[in-house]
Structures are given as C-alpha cells and as structure tokens.
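As the structure lists them, so they are numbered: ligands from 1, and atoms in each ligand from 1. Only heavy atoms go into these numbers, but all of them, side chains included; no hydrogens, no water, no symmetry mates.
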Amino acid sequence: MIAYKASTQLREKTLSILVPVYNESCVIDTFMTRLQQVIENLPCKTEVVFVDDGSKDDTCLKIERVSSLGDSKRLIKLSRNFGKEAALCAGLESVKGDAVIILDADLQDPPELIPKMLTCWQSGVDVVNMRRTKREGETWFKKFSAKCFYRILNWVSDTHIPENVGDFRLIGRCVIDVINAMPEKNLYMKGILSWPGFRTQTLFFDRDARAQG
Ligand code: UDP
Ligand code: MG
C-alpha cells in the first residue's frame with residue numbers, strides 16, 4: 001500500500017535533468033541515446049535542459065537535431081564560454097522540476113544511476129550527493145591536488161564541503177529555490193550546493209574516464 005502511494009506520487013512529479021555542454025560534439029549523440037533509454041523507463045515526468053556554454057563546434061546542432069526539442073527538452077545558449085559554474089547557474093534558474101539532477105555530458109556521470117537517485121529522493125531527502133569511489137582517467141597529480149584542495153578548503157570554510165562529490169547530484173525544489181535566491185554571481189558551485197544544508201544522503205559510484213574529447 002505504501003509502495004503504491006509512493007509510485008503514484010512520483011508519477012505526478014517532474015524531474016529536471018540539467019546538462020552543461022561545451023564542445024561535446026564527439027560524445028553528445030551517445031550521451032543523448034543513453035539518457036533517453038534511462039528517461040523512457042522512469043516513473044515520473046522529465047525535462048532535459050541543456051545549457052550550451054558557448055561551444056564552437058556543432059554540439060548545439062546535434063542537440064537540436066535529435067528529438068525535435070519540445071517542452072521536455074530545452075536548449076539554453078549562452079553568448080560565449082562563461083565556464084561550467086555560470087552554465088549551471090543559468091540552468092538552475094530555468095529548471096521547472098520538483099527536483100533537478102546535474103549531469104555532465106561526457107558520460108563520467110552515468111545516466112543509468114538516475115533511478116537510484118530518484119529512489120533515494122523518494123525516501124525523504126532533499127539532496128542526494130554522488131560520491132566518487134574511483135577517479136578513472138585522472139593523473140596522480142590531479143588526485144593529489146584535489147585532496148590538498150579539499151583539505152585547505154574545509155579548513156577555511158564554515159560549511160563542510162564533501163570530498164569527491166562533484167556537481168553530479170540531485171537537488172530538491174526547496175534547495176533549488178534557496179540557491180536561486182542568492183545574490184552572489186560568481187558561484188563556487190560545490191560550495192553553494194553544500195551550503196543550504198537540508199536532509200542529505202550520499203550514494204557511492206565509480207567515476208569512469210571521460211568517454212571522448
Ligand atoms: N563544461 C561547460 N563549460 C566549460 C567546461 C565544461 O559547460 O567551460 C561542461 C562540459 O561540457 C561537461 C561538464 O561541464 O558536460 C564537465 O566538464 P569537464 O568534463 O571538462 O570537467 P571534469 O570532468 O574535468 O570535472
Ligand atoms: Mg568530465
């Protein structure tokens with residue numbers, strides 16, 4: 001009875017999937033195919049919002065060509081390359097869902113984990129962090145410098161910013177609204193996403209190397 005009630009509620013919810021893209025021509029078709037397969041089997045409504053961060057290749061053309069963009073797929077084009085953080089800010093202001101999942105286009109964040117994230121959200125949390133257990137394709141220097149960075153950051157920061165949690169996460173509407181209401185313009189997204197608090201759960205996943213590009 002409880003399971004039935006939960007799935008009925010989920011059917012009425014909309015999940016937004018926010019994808020920042022910059023020069024992802026070589027991987028975007030595979031990404032969209034894999035994402036579509038996942039979306040078709042989700043028990044809720046979805047919208048996919050791509051934010052093109054000033055790509056100079058044909059990434060936008062490919063996004064527009066696939067599945068005539070309707071209400072459930074939108075493309076926001078930034079006038080130039082502003083960086084991923086700015087692309088995410090623009091996207092978060094535009095998403096209409098009850099929750100959003102931020103997903104990289106290079107398949108380092110596997111779209112196949114979306115159902116697990118949804119289930120976790122349905123258990124009553126507002127944020128689902130995705131923590132990497134492996135960082136494939138990264139040099140020892142990147143791993144080492146990341147470790148040092150988080151040590152120093154958490155030393156100076158009042159808010160704990162979890163290590164090995166990137167932008168790949170699910171954020172509920174209450175958190176999206178708090179972030180959008182912030183006056184800051186140059187956001188450090190991982191810090192901002194951690195700052196509002198709320199009920200949070202962390203899932204673990206192996207992060208593959210970038211698919212291509
Ligand atoms: N991206 C973006 N603007 C940029 C750089 C990257 O929107 O200036 C997008 C990129 O297309 C990808 C995501 O942000 O979908 C993550 O980028 P990348 O793979 O370069 O980052 P990393 O995996 O090294 O954190
Ligand atoms: Mg990447």
Side-chain angles (χ1 to χ4, degrees), residues 16-36 38-39 46-66 69 73-95 100-114 117 129-150 153 161-171 179 185-194 203-213:
S16 302
I17 297 163
L18 171 56
V19 191
V21 289
Y22 177 59
N23 291 345
E24 297 287 8
S25 177
C26 55
V27 79
I28 197 71
D29 284 331
T30 320
F31 170 81
M32 288 191 289
T33 308
R34 267 176 64 178
L35 181 60
Q36 189 57 33
V38 172
I39 284 176
T46 56
E47 67 158 4
V48 184
V49 178
F50 292 95
V51 182
D52 178 64
D53 187 20
S55 293
K56 294 175 189 73
D57 62 8
D58 59 350
T59 301
C60 281
L61 269 179
K62 287 187 172 176
I63 293 173
E64 282 163 339
R65 203 185 302 140
V66 168
L69 297 170
K73 288 196 180 60
R74 287 186 285 128
L75 172 62
I76 298 169
K77 292 185 191 176
L78 302 188
S79 56
R80 65 166 170 85
N81 179 240
F82 286 92
K84 183 183 178 184
E85 314 279 305
L88 289 181
C89 276
L92 283 178
E93 281 182 6
S94 163
V95 295
V100 63
I101 289 180
I102 299 171
L103 200 60
D104 284 0
D106 60 4
L107 293 165
Q108 288 199 272
D109 306 333
E112 291 76 15
L113 293 176
I114 291 175
M117 299 167 82
N129 284 340
M130 299 302 286
R131 188 170 174 152
R132 303 172 285 229
T133 46
K134 273 196 305 180
R135 297 173 69 127
E136 290 293 333
E138 292 184 3
T139 61
W140 72 266
F141 181 72
K142 181 157 184 191
K143 289 178 203 166
F144 174 72
S145 52
K147 207 163 188 59
C148 295
F149 174 75
Y150 281 105
L153 186 63
I161 297 165
E163 199 176 334
N164 285 327
V165 176
D167 298 318
F168 183 30
R169 55 183 104 193
L170 179 148
I171 312 165
I179 294 172
K185 286 289 163 254
N186 288 315
L187 301 182
Y188 170 58
M189 219 15 115
K190 292 175 191 69
I192 290 295
L193 294 174
S194 303
L203 302 178
F204 291 81
F205 78 110
D206 291 339
R207 193 168 207 241
D208 296 329
R210 165 175 266 283
Q212 282 180 65

Contact check, E85 vs ligand 1, heavy-atom distance below 4.0 Å:
no
Can you report which non-hydrogen protein atom sits closest to atom 20 (O) of ligand 1, along with the distance?
R210 NH2, 3.6 Å
Please write down residue, atom name and distance for the protein heavy atom closest to atom 16 (C) of ligand 1.
D104 OD2, 3.2 Å
Is it the case that ligand 1 has an N or O less than 3.5 angstrom from some N or O of A105?
yes
Tell me which protein heavy atom sits closest to atom 14 (O) of ligand 1, plus the residue, atom name and distance to 0.1 Å.
K84 CD, 3.3 Å
Counting from 1 in the order shown, the ligand 1 atoms closer than 4.0 Å to a non-hydrogen atom of K142 are 24 (O)
Check: N23 side chain, K56 main-chain N or O, donor-acceptor pair, under 3.5 Å
yes
Number the atoms of ligand 1 from 1 as they appear, then name those within less than 4.0 Å of a heavy atom of D106, with their elements.
19 (O), 23 (O)
Closest protein heavy atom to atom 23 (O) of ligand 1, given as residue, atom name and distance to 0.1 Å:
Q108 OE1, 2.8 Å
If the cut-off is 2.8 Å, does any N/O/S atom of D104 fall short of it from the Mg ion (ligand 2)?
no
Could you check whether D53 pairs with R80 (Lys NZ or Arg NE/NH1/NH2 to Asp/Glu carboxylate O, under 4.0 Å)?
no
Give me the atom names and distance for the closest heavy-atom approach of I102 to D167.
CB-O, 3.3 Å
Do other residues, nucleotides or ligands put more than 12 heavy atoms under 6.0 Å from F149 CZ?
yes
So, the side chain of T133 versus the backbone of F205: is there a donor-acceptor pair under 3.5 Å, distance only?
yes
So, do I28 and V21 sit near enough that their side-chain heavy atoms are less than 4.5 Å apart?
yes
Quick test of your reading of the model: are R74 and E47 salt-bridged, counting only N-O distances below 4.0 Å?
yes
Does the protein come close to atom 3 (N) of ligand 1 - that is, does one of its heavy atoms sit below 4.0 Å from that atom?
yes
Side chain of S16, backbone of V95: donor and acceptor closer than 3.5 Å?
no
Return the closest protein heavy atom for atom 6 (C) of ligand 1 as residue, atom name and distance.
Y22 CB, 4.1 Å
Under a 4.0 angstrom heavy-atom cut-off, which atoms of ligand 1 come close to E24?
10 (C), 11 (O), 12 (C), 15 (O)
Would P20 count as being in polar contact with ligand 1, using the rule that some N or O on each side must be under 3.5 angstrom apart?
yes
D106 atom OD2 and Q108 atom OE1 as seen from the Mg ion (ligand 2), angle to 10 degrees
100°
Does the distance from a Lys or Arg side-chain N to an Asp or Glu carboxylate O, for K77 and E64, drop under 4.0 Å?
yes
For N81, counting its heavy atoms only, list the atoms of ligand 1 lying under 4.0 Å from any of them.
3 (N), 4 (C), 8 (O)
Before you tell me yes or no, could you show the steps for L78 and V51 under side chain to side chain contact (heavy atoms under 4.5 Å, CB included), namely the whole-Å CA-CA distance, both residues' side-chain angles and the distance that decides it to 0.1 Å?
CA-CA 7 Å; L78 302 188; V51 182; 3.9 Å; yes
